[in-house]
Amino acid sequence: MRLLLGRKAAGDRNVPDVVPSGGRPYMLRPWRMHLDVRLDNESPLPIYIQIANAIVHDIERGRLAPGEFLPSTRSMAQLLSVNRKTIVLAYDELIAQGWIESAGTSGTKVSEAFGLRTPASEDRMKRAPVSDTKAPFYDFRPPPARPLAVLNGKDTHKIDEGSPDGRLFPADVLARAFRTAMTRLSRNNTLSYGDPRGSRELREVIADMLKTERGLPINVENVCLTRGSQHGIFLAALTILRPGDTVVVEDLTYEPAVMVFRAIGVRVVSVGLDEDGVDVEALSRLCERERVSLVFLTPHHQFPTTVSLRPERRLHLIELARRHRFAILEDDYDHEFHFHSQPLLPMASYAPENVIYVGSLSKLVLPALRLGYVVAPAPVIEALAHHVSVLDGMGSIITETAVSSLIQEGELRRHARKAARIYAGRRDAFAVMLHEIFGQNISFTKPQGGLAFWVRFVNPECLQRIETNATSMNLRFAPSESYSASGRKVPGLRIGFASMNETEARQVLLGMGKASNTA
C-alpha cells in the first residue's frame with residue numbers, strides 16, 4: 001500500500017496552512033508525495049509499528065525534512081484505510097522516540113532536531129544504509145573536463161558568442177500570441193500528442209519563408225521542427241552517421257557540433273580555413289584518401305571567424321559531395337541579420353538533394369523559445385521524425401502555434417527590422433570600443449552580418465592573461481581552445497555584441513582590458 005502525503009484534505013483542521021508564531025511555514029504541495037508503506041497483516045509487527053517504521057525510513061533519507069508537517073491522524077487513517085486509533089498509536093510511538101513532535105493545534109511535524117542525529121538513528125543507518133544520490137552505483141559517461149555551458153554566476157558578466165537581446169522582443173506581443181494559441185488549440189481539441197515533425201501550420205509557414213527569402217525549392221514535407229539548431233544538428237547526425245564514420249569540419253568550428261559527432265562515435269577530421277572559407281582543395285584531397293560521410297559547415301557567417309564561403313568554393317564543394325556521395329550539413333544559424341549587402345543564398349538552395357539545412361528562430365524571436373528546423377529530402381525528414389518520436393515524442397505545439405501566428409501577422413518581420421537597426425548601431429559602437437580599449441593588441445574585421453566579432457590577438461600572451469584573469473574580473477566566456485577541432489592553440493575570441501547595450505558592452509570590454517594588463 002502506498003501512502004500519499006501532500007495536499008491538505010478538505011475539513012482537515014489539524015494541518016495548518018501557515019505555522020504561527022515564528023514556526024516553519026507549512027507549504028501546500030502542488031502534488032501528492034508518495035511514501036512506501038507496505039502493510040502486511042501476516043507480519044509479527046503490529047500495523048502501527050509498520051507505519052511508524054515507514055515514516056522513519058523517509059525521515060532518514062531526507063524525503064521528510066525537519067519541521068515538515070505530517071497529515072493529520074484522520075487524513076492518514078483515510079489514506080491508509082486503517083482505524084484512526086492505529087495512526088494515533090504510530091504517531092505516539094514516533095513522538096516517544098523523538099522522530100516527530102507535536103506542534104499543538106498546528107499539527108504534528110518532523111522533529112527540528114534532525115540537524116543532529118540520535119544514537120538510535122545512527123544504529124538504524126548502519127543497519128539500512130541510506131542511498132546517496134551523489135554517488136551512483138553504476139557506470140556512466142561523465143561530461144568532459146571543460147563543459148560546453150558557460151554559466152552565469154552572481155555578479156558575473158557572461159560574454160556570449162552571438163546571442164540576441166531578449167529584451168527587444170515586445171513581451172506583450174509574445175504573451176498575446178501564446179494566449180491566442182492556447183485558446184485556439186483548446187477549442188479545437190489539439191492539445192494532445194501530435195506529429196513528431198511539428199505543427200503542420202508552422203512547417204508550412206517556414207517552408208514558404210525559405211522558398212521566398214532563401215531560394216530553397218521545398219514544401220512542408222521537407223521540414224522538421226526542432227528545439228533549436230543544436231537539436232537539429234544532433235538529429236541530422238543521428239540520422240546520417242554510424243559509429244566509425246568520418247566527419248569533416250573546419251579547423252576552427254562550432255564545438256557543440258563536434259561534441260555531437262564524437263558522442264555518436266564518429267571520427268572527426270578538420271581541414272583548413274582562410275578568409276574565403278573552408279579549403280575545398282584540402283577537402284578534395286582528403287576525399288581521395290578516405291571515405292567521408294558528412295561535412296559540417298557554417299558557410300553564411302562562419303563560426304567562429306564570421307567569414308563567408310565564396311560562391312565558387314560552394315559550387316566546388318557541392319560537386320565534391322555528388323562525386324563522393326557525402327552529405328553536407330549546413331548550419332545557417334543567423335541568416336536573419338545582415339547589415340549591408342544581401343546575404344548569399346544557402347547552399348541548400350543550389351543542391352537540396354545533397355544538403356541538410358539547419359536553421360533557427362531562436363535568434364529572431366527569443367533563445368528561450370527553443371525553436372529551430374531541419375530541411376532535407378522527405379525520406380530524411382521521416383527518419384528525423386522517428387528519432388524525435390524516440391527522444392522527445394513531439395515538439396511544443398503551443399509554442400509552434402504562437403510563433404506561426406507571429407510570422408503570419410508580420411510581427412517577426414517588424415521585429416527583425418527593428419532589431420537589425422539596433423544591432424547595427426551596437427556593432428559600430430562595439431568596434432570603436434575595441435579599438436579604444438585594446439588598440440594595436442588586436443585585429444578584427446567588422447562583420448557584415450551576424451551578431452559577433454572574431455577578435456584576433458597580436459600578442460598571444462595578452463589573450464592568455466585575459467583567460468587567466470577572467471574569473472577574478474567576474475567574466476565568463478568560451479575559451480579560445482574551444483574553437484579548434486584539432487586541439488591547436490587559437491589566438492582569438494568570438495565576442496558577441498548584440499545582447500548588450502553600449503553601457504554593458506563598455507563595462508565588459510573594460511573588464512577584459514583590465515584582465516589583459518594584469519600579470
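Considering all non-hydrogen atoms of both residues, A402 and A181 come closest at N-CB, 3.8 Å. Here the shortest heavy-atom pairing between A236 and L329 reads CB-CD1, 3.9 Å. Of all heavy-atom pairs between L493 and S480, the closest is CD2-N, 3.8 Å. Smallest separation of non-hydrogen atoms from G215 and L345: N-CD2, 4.3 Å.
Note on ring orientation: taking the six-membered ring where Trp is involved, the planes of F444 and F453 are perpendicular (angle over 60°, cut-offs 30° and 60°). Taking the six-membered ring where the residue is Trp, W454 and Y483 present perpendicular rings, their angle passing 60° and hence far from 30°. Aromatic ring orientation, H338 versus H335: perpendicular (interplanar angle above 60°, classes split at 30° and 60°).
Donor-acceptor pairing under 3.5 Å is lacking for the side chains of N469 and T518. Using modelled atom types and a 3.5 Å distance limit, the side chains of Y373 and R203 yield no donor-acceptor pair.
Contacts classified as ring-ring contact (aromatic ring centres under 6.0 Å, His included) and involving residues 261-292 (residues at least two apart or in different chains) are given here: F261-F296. Annotation: salt bridge (charged side-chain N to carboxylate O under 4.0 Å, His left out) contacts involving residues 439-454, sequence neighbours excluded, comprise D428-K446. Residue pairs meeting the ring-ring contact (aromatic ring centres under 6.0 Å, His included) criterion with at least one partner in residues 227-249, sequence neighbours excluded, are absent. The side chain to side chain donor-acceptor pair (under 3.5 Å) pairs that include a residue from residues 216-227 are R197-E221, R200-E221, R227-D392, where partners are two or more places apart or lie in different chains.
Every residue two or more places apart in sequence or in another chain that forms a side-chain contact (heavy atoms from CB on, under 4.5 Å) with R488 is listed here: D251, L252, S484, S486. Partners of A498 under the side-chain contact (heavy atoms from CB on, under 4.5 Å) rule, at least two apart in sequence or in another chain, are Y423, L451. Under the side-chain contact (heavy atoms from CB on, under 4.5 Å) criterion, S389 pairs with P196, H386, sequence neighbours left out. Residues passing the ring-ring contact (aromatic ring centres under 6.0 Å, His included) test with H316, sequence neighbours excluded: none. Legend: residues meeting ring-ring contact (aromatic ring centres under 6.0 Å, His included) with H387, ordered by chain and number and at least two apart, are absent. When the side-chain contact (heavy atoms from CB on, under 4.5 Å) test is applied to E504, the partners found at least two apart in sequence or on another chain are R167, M500, N501. Take R262 and apply the salt bridge (charged side-chain N to carboxylate O under 4.0 Å, His left out) test, not counting sequence neighbours, and it matches no residue. Residues passing the side-chain hydrogen bond (donor to acceptor under 3.5 Å, both in side chains) test with S199: none are found, sequence neighbours excluded.
Other residues, nucleotides and ligands contribute at most 12 non-hydrogen atoms within 6.0 Å of the CG atom of N189.
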Derivation of the side chain to side chain donor-acceptor pair (under 3.5 Å) call for S404 and Q408: CA-CA 6 Å; S404 176; Q408 294 181 80; 2.9 Å; yes
Test side chain to side chain contact (heavy atoms under 4.5 Å, CB included) applied to I397 and E400, step by step: CA-CA 5 Å; I397 186 65; E400 292 164 9; 4.3 Å; yes
R310/E275 under salt bridge (Lys or Arg N to Asp or Glu O under 4.0 Å): CA gap, chis, key distance, verdict: CA-CA 9 Å; R310 300 298 301 168; E275 64 275 6; over 6 Å; no
Residues V247, V295; criterion side chain to side chain contact (heavy atoms under 4.5 Å, CB included); working and verdict: CA-CA 6 Å; V247 172; V295 174; over 6 Å; no
Test side chain to side chain donor-acceptor pair (under 3.5 Å) applied to T305 and Q302, step by step: CA-CA 6 Å; T305 67; Q302 200 276 337; 2.7 Å; yes
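The pair E201-R184 meets the salt-bridge criterion, since a charged nitrogen lies less than 4.0 angstrom from a carboxylate oxygen. Between E319 and R314 there is no salt bridge, since none of the side-chain N atoms of the basic residue sits less than 4.0 Å from a carboxylate O of the acidic one. We find that D165 and R426 are joined by a salt bridge, their nearest charged nitrogen and carboxylate oxygen being less than 4.0 Å apart.
When side chains are defined from C-beta on, I328 counts as touching L297, because their heavy atoms get closer than 4.5 Å. Using a 4.5 Å cut-off on side-chain heavy atoms (C-beta onward), V268 and V249 make contact. The side-chain heavy atoms of L235 and L391, taken from C-beta on, include a pair separated by under 4.5 Å. Counting heavy atoms from C-beta outward, R322 and I318 have side chains that approach closer than 4.5 Å.
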